[in-house]
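Note that the numbering runs from 1 along the sequence shown for the chain.
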Amino acid sequence: MTPSTINPQPPYRRPRPLSAIQTLLWLVAGIAGMFALVSTIFAVKLGLEGRLPFSDAPRAAAAATPPAAPQPPVQAAPSATPLPAASPTAQAPAGFVSGAESILPSEVAHLAKHVSPLDAPPTATEPPSAPSISTQPPTQPPTPAAAPVAAPVEAIPATHPADHKRVEAALLAWAKAWSSKDVDTYLAHYADTFTPASQLSRSAWAEQRRQRIARPGDISVALDAIAIQTEGDKASARFTQHYRAGKLKLTEAKTIELIRHGDTWLIVQERLGH
């Protein structure tokens, strides 16, 4: 007999893997076993401490405790000096409210025993005496002071209607002298108190105007839309000035202030704009 026939070896078979259901069951079983183990440990611990809900140890301990013995009531000691009984025939004074001395404090209890002035019986009053009649004559009322008389206001002299025409005539003569390049007549329309718009003096300004007007070439100055306002010896004229010198043409608004000098009007200020 050969060895292979005496003790034959079965062929090796690989174990079958667990299915998903089997794996899930093993997992659930493991969790349940762990929970049971932990619950058993806690139950043993609580049982040793006597805190199990189904244990009779706390009830037995409560039953073994004897009840406390009742204590006798404490009685007040009798007073050595008995209080005198109130006399039933005693009468309270007038205005006294019974029981007030036991309600109010000792420092204000005496106030309830005093009679209020309002509770006192009314006393007879003397009749009012008749009014005395005075024999003195009635006093005269004071005479009102006279109202102060206002000082007369100095009247402003009215402007003569001819002043507008004279102012307008002076302006047209001024523009005519400028257009004709008559420097002396042009400068004669300005007062000695004329203030130039620049920082020049009156004499320096006059010399500058003389040199500019005397330049070669024609000059034309025309005034339009003249508006004049006069007040006493002062006048204000607003107009549109049309200036032309060679190829230069300017149209601009101008305002001129004038003063009366005898029968004529002279320029004291000249500025652009209204």
### Query
To the nearest 0.5 Å, what is the distance between NZ (Lys176) and CG (Leu171)?
15.0 Å
### Task
Return the set of residues passing salt bridge (Lys or Arg N to Asp or Glu O under 4.0 Å) with Asp263 (not counting sequence neighbours), or none when no residue passes.
none
### Query
Are there more than 12 heavy atoms of other residues, nucleotides or ligands under 6.0 Å from atom CD of Gln229?
no
### Message
Does Asp163 form a side chain to side chain contact (heavy atoms under 4.5 Å, CB included) with Arg260? I'd like the steps, not just the answer.
### Response
CA-CA 9 Å; Asp163 291 341; Arg260 188 197 304 271; 3.0 Å; yes
### Task
Quick one: name the residues clustered hydrophobically with Ile21, using the 4.5 Å side-chain heavy-atom rule over I, L, V, M, F, W, Y, and just say none if it's on its own.
Leu25
### Task
Output, in order, the C-alpha distance, side-chain angles, deciding distance and verdict of side chain to side chain contact (heavy atoms under 4.5 Å, CB included) for Leu223 and Thr240.
CA-CA 6 Å; Leu223 307 183; Thr240 303; over 6 Å; no
### Query
Closest approach of Ala177 and Tyr186, non-hydrogen atoms and distance?
CB-N, 3.7 Å
### Message
Measuring from atom CD1 of Ile267 to atom NE2 of His189, what distance do you get when rounded to the nearest 0.5 angstrom?
### Response
7.5 Å
### Message
If I take atom CD1 from residue Ile219 and atom CZ from residue Arg212, how far apart are they, to the nearest 0.5 angstrom?
### Response
11.5 Å
### Task
Assess whether atom NZ of Lys181 is packed by more than 12 heavy atoms of other residues, nucleotides or ligands within 6.0 Å.
yes
### Pairs where residues 197-240 contributes a residue and the test ring pair (Phe, Tyr, Trp, His ring centres under 6.0 Å) is met, not counting sequence neighbours
Tyr190-Trp205, Phe194-Trp205
### Task
Can you measure from OG (Ser201) to CD (Glu207) and round to the nearest 0.5 angstrom?
10.5 Å
### Message
Quick check on the hydrophobic clustering: are Ile259 and Ile226 connected, directly or via other members, by side-chain heavy-atom contacts under 4.5 Å?
### Response
no
### Task
Would you check, one step at a time, whether the test side chain to side chain contact (heavy atoms under 4.5 Å, CB included) holds for Thr193 with Val268?
CA-CA 6 Å; Thr193 57; Val268 293; 3.7 Å; yes
### Query
Excluding sequence neighbours, so at least two apart, what forms salt bridge (Lys or Arg N to Asp or Glu O under 4.0 Å) with Arg210?
Asp184
### Query
Charged N to carboxylate O under 4.0 angstrom, Arg244 versus Asp218?
no
Can you list, pair by pair, the side-chain donor-acceptor contacts under 3.5 Å of residues 245-258, counting residues two or more places apart and other chains?
| residue | atom | partner | partner atom | Å |
| --- | --- | --- | --- | --- |
| Thr251 | OG1 | His242 | ND1 | 3.3 |
| Lys254 | NZ | Gln241 | OE1 | 2.9 |
| Lys254 | NZ | Glu270 | OE2 | 2.9 |
| Thr255 | OG1 | Gly273 | O | 2.5 |
| Glu257 | OE2 | Ser236 | OG | 3.2 |

### Message
List the residues meeting salt bridge (Lys or Arg N to Asp or Glu O under 4.0 Å) with Asp182, not counting sequence neighbours, and say none if there are none.
### Response
none
### Message
With a sphere of 6.0 Å drawn around CD of Gln22, does it hold more than 12 non-hydrogen atoms of other residues, nucleotides or ligands?
### Response
yes
